[in-house]
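These notes are about the structure you will find just below.
A, B, ... follow the sequence lines: proteins, then strands. Residue 1 opens every chain. Please read all numbers here as calculations on a predicted model, not as lab measurements.
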Number of protein chains: 2
Amino acid sequence: MAGQSALLNDLKERGLRVTPQRAIILEAIEGLSGHITAEDIFGVVKEVNSYISLATVYRTLELLKELGLITESNMGTSTTHYALKTHGTHHHSVCRACGKTMDLPNSMFEPMVERLQSEFNFVADANHMVIMGWCECCRPEHTHEQDN
Amino acid sequence: MAGQSALLNDLKERGLRVTPQRAIILEAIEGLSGHITAEDIFGVVKEVNSYISLATVYRTLELLKELGLITESNMGTSTTHYALKTHGTHHHSVCRACGKTMDLPNSMFEPMVERLQSEFNFVADANHMVIMGWCECCRPEHTHEQDN
DNA sequence: TTATCTGCAAACGATTTGCGGCAGC
DNA sequence: GCTGCCGCAAATCGTTTGCAGATAA
């Protein structure tokens with residue numbers, strides 16, 4: 001909508017080449033909000049130009065990761081999910097049984113993040129944390145025995 | 001040392017076959033403490049009997065997972081790490097830069113786990129959580145801009 | 001005996017890479 | 001025109017699976 005993608009400007013500033021492929025891929029990433037996979041991006045990209053290869057999508061994701069513009073997260077599947085850093089700080093729960101995900105507010109994690117910092121000198125990557133577990137519907141029996 | 005592995009007894013009780021392969025694999029898992037990979041186990045197993053295949057290691061891990069005797073976790077690499085449920089409740093921080101891991105006490109997460117349960121009806125898998133971030137030595141600049 | 005387990009090797013899905021050609025700058 | 005980028009196809013890595021033979025119960 002802004003005519004020029006914010007990510008694209010970032011590339012220019014750093015002296016990297018702005019190619020049509022990169023423009024299309026970056027636009028796809030900005031269009032698909034939330035946590036997306038390389039295949040999600042590839043799907044959108046193909047509709048714009050079917051000659052762009054999946055390898056280029058991966059290479060661009062790798063680049064954006066290095067530039068610190070996107071974050072990677074593992075949602076419990078074999079596929080890596082990506083999200084824009086600007087997507088805002090929030091987190092996810094993923095049900096191990098049914099796979100359902102929920103958004104969790106940052107406030108849920110703030111106290112823990114602060115304690116990690118003050119007590120362990122560890123700066124948690126508090127952008128897109130993923131907590132595995134079981135949702136309301138899928139609670140198994142062996143979740144009670146957590147008291148050792 | 002105990003003559004009979006606890007895991008092995010569990011298999012028997014459930015009417016599953018106790019094969020030499022399983023005995024060797026279970027012993028290896030109990031011998032290697034902490035978070036281990038399929039290859040770690042395979043390495044130990046091979047020294048006892050070099051004919052046991054990696055596929056059997058994976059099949060046994062799958063079985064133990066189904067029985068709820070081990071937990072799986074993703075430590076930020078492409079390789080899955082496994083740990084005995086009896087290993088005790090504790091968690092890990094993993095540095096995205098240098099890969100260093102630290103053990104974190106359960107107390108660090110308890111308040112959060114309780115809030116997840118009471119406010120979201122979500123039972124977190126609070127056995128071996130992994131928090132990605134940056135350790136003392138590797139703190140990058142872009143960890144300061146977390147105030148949106 | 002017989003259902004379960006095994007080894008092997010091939011299949012798998014996600015991701016990476018080598019290479020020759022192409023195109024931003 | 002140089003260098004960085006691309007598409008392609010093959011390689012990689014961790015993990016899974018089909019099958020036919022072996023073996024615990």
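- Distance A:Tyr58 OH to D:dC13 P: 17 Å, rounded to the nearest Å.
- For the pair A:Glu39 and A:Ala55, nearest-nucleotide mapping onto DNA chain C gives the more 5' position to A:Glu39.
- With rounding to whole Å, B:Asp40 atom CG is found 13 Å from D:dG14 atom C1'.
- B:Gln21 has a side-chain polar atom (N or O) that falls below the 4.0 Å cut-off from OP1 or OP2 of C:dG7.
- Rounded to whole Å, atom P of D:dG7 lies 11 Å from atom CZ of A:Arg22.
- Checked by distance alone, A:Arg59 brings no side-chain donor or acceptor within 3.5 Å of a matching partner on the base of D:dG4.
- Judged by distance alone, the side chains of A:His128 and A:Thr71 do bring a donor and an acceptor atom under 3.5 Å apart.
- Put simply, CD on A:Glu66 is 13 Å from C1' on C:dT16, counting in whole angstrom units.
- Two rings, from B:His92 and B:His81, have their centers 6.0 Å or more apart.
- Counting only heavy atoms from C-beta on, A:Thr56 has its side chain closest to D:dC6 among D:dT15, D:dC6, C:dC8.
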Between the protein and nucleotides 21-25 of chain D, are there any N/O to N/O pairs under 3.5 Å, and if so, what are the atom names and distances?
residue, atom, partner, partner atom, Å
D:dT23, O2, B:Arg17, NH1, 3.2
D:dA24, N3, B:Arg17, NH2, 3.3
D:dA25, OP1, B:Val18, N, 3.2

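- Between the P atom of C:dC8 and the CG atom of B:Leu54 lies a distance of 11 Å, rounded to the nearest Å.
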